[in-house]
Amino acid sequence: GLCAAVPMARVVPVIAAGLGAVVEGTLFDNLYFASKDVHREQSLPEEKLWSLCKHVGLSEVLLGKSFEEDWSKVHISSFARRLSGSDLFKLMLARALVQQP
């Protein structure tokens with residue numbers, strides 16, 4: 001027999017406007033910025049979220065050297081001006097992957 005699959009592609013806008021895309025709040029708040037009504041219990045488990053951020057290359061400044069409970073509760077506004085351009089881009093990439101895996 002023959003099996004054919006129709007390829008599907010989704011286009012999802014990613015909010016990436018430099019520092020304007022970083023919201024006042026925690027790293028978790030920034031990763032789930034555009035998601036409607038996402039609560040911690042509905043999100044990825046902390047360790048998976050950390051692994052995803054590590055995989056996209058977020059720096060140790062934001063993530064730490066290894067996984068620790070509640071790492072995503074770090075208040076990011078204190079880092080906003082010190083974030084490199086690449087960390088900003090990677091934060092936006094992680095945001096997109098978290099919201100539309």
Side-chain angles (χ1 to χ4, degrees):
L2 182 64
C3 180
V6 179
M8 295 181 69
R10 286 176 110 171
V11 176
V12 178
V14 176
I15 300 168
L19 287 175
V22 177
V23 297
E24 185 76 24
T26 64
L27 190 52
F28 179 89
D29 296 334
N30 277 276
L31 289 168
Y32 285 96
F33 175 59
S35 294
K36 293 180 168 77
D37 302 323
V38 172
H39 302 286
R40 279 195 178 270
E41 59 272 3
Q42 296 171 316
S43 65
L44 286 173
E46 283 268 316
E47 197 161 359
K48 280 194 173 198
L49 189 58
W50 185 88
S51 292
L52 177 114
C53 290
K54 183 80 171 169
H55 186 73
V56 299
L58 275 172
S59 70
E60 287 181 4
V61 171
L62 292 172
L63 298 180
K65 291 185 183 207
S66 60
F67 173 76
E68 293 180 21
E69 288 293 321
D70 297 331
W71 66 274
S72 65
K73 291 182 182 176
V74 171
H75 209 270
I76 201 169
S77 62
S78 60
F79 290 108
R81 296 265 176 231
R82 291 186 281 154
L83 289 177
S84 66
S86 64
D87 261 346
L88 280 171
F89 174 77
K90 292 169 187 174
L91 180 62
M92 299 308 111
L93 177 59
R95 180 187 288 169
L97 291 170
V98 163
Q99 293 177 18
Q100 294 293 325

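Heavy-atom minimum distance, Leu44 versus Tyr32: N-OH, 3.1 Å. Nearest heavy atom pair, residue Leu63 against residue Cys53, reads CD2-CB, 3.6 Å. The heavy-atom pair separating Leu91 from Leu31 by the smallest distance is CD1-CD2, 3.8 Å. Considering every non-hydrogen atom in both Phe28 and Leu49, the closest pair reads CD1-CD2, 4.3 Å. Residues Leu52 and Ala94 share a closest heavy-atom pair of CD2-O, 3.8 Å. Closest non-hydrogen pair, Lys54 versus Glu60, comes out as NZ-OE2, 4.4 Å.
Note that the CG atom of Leu93 and the NE2 atom of His55 stand 9.0 Å from one another [nearest 0.5 Å]. Rounding to the nearest 0.5 Å places CG of Asn30 at 6.5 Å from CE of Met92. In this structure, CD in Glu47 is found 11.0 Å from CH2 in Trp71, a value given to the nearest 0.5 Å. Note that NZ of Lys73 and OG1 of Thr26 are 9.0 Å apart. Values are rounded to the nearest 0.5 Å.
Side-chain atoms of Glu46 come within 3.5 Å of backbone atoms of Asp70 as a donor-acceptor pair (strictly under, hydrogens ignored).
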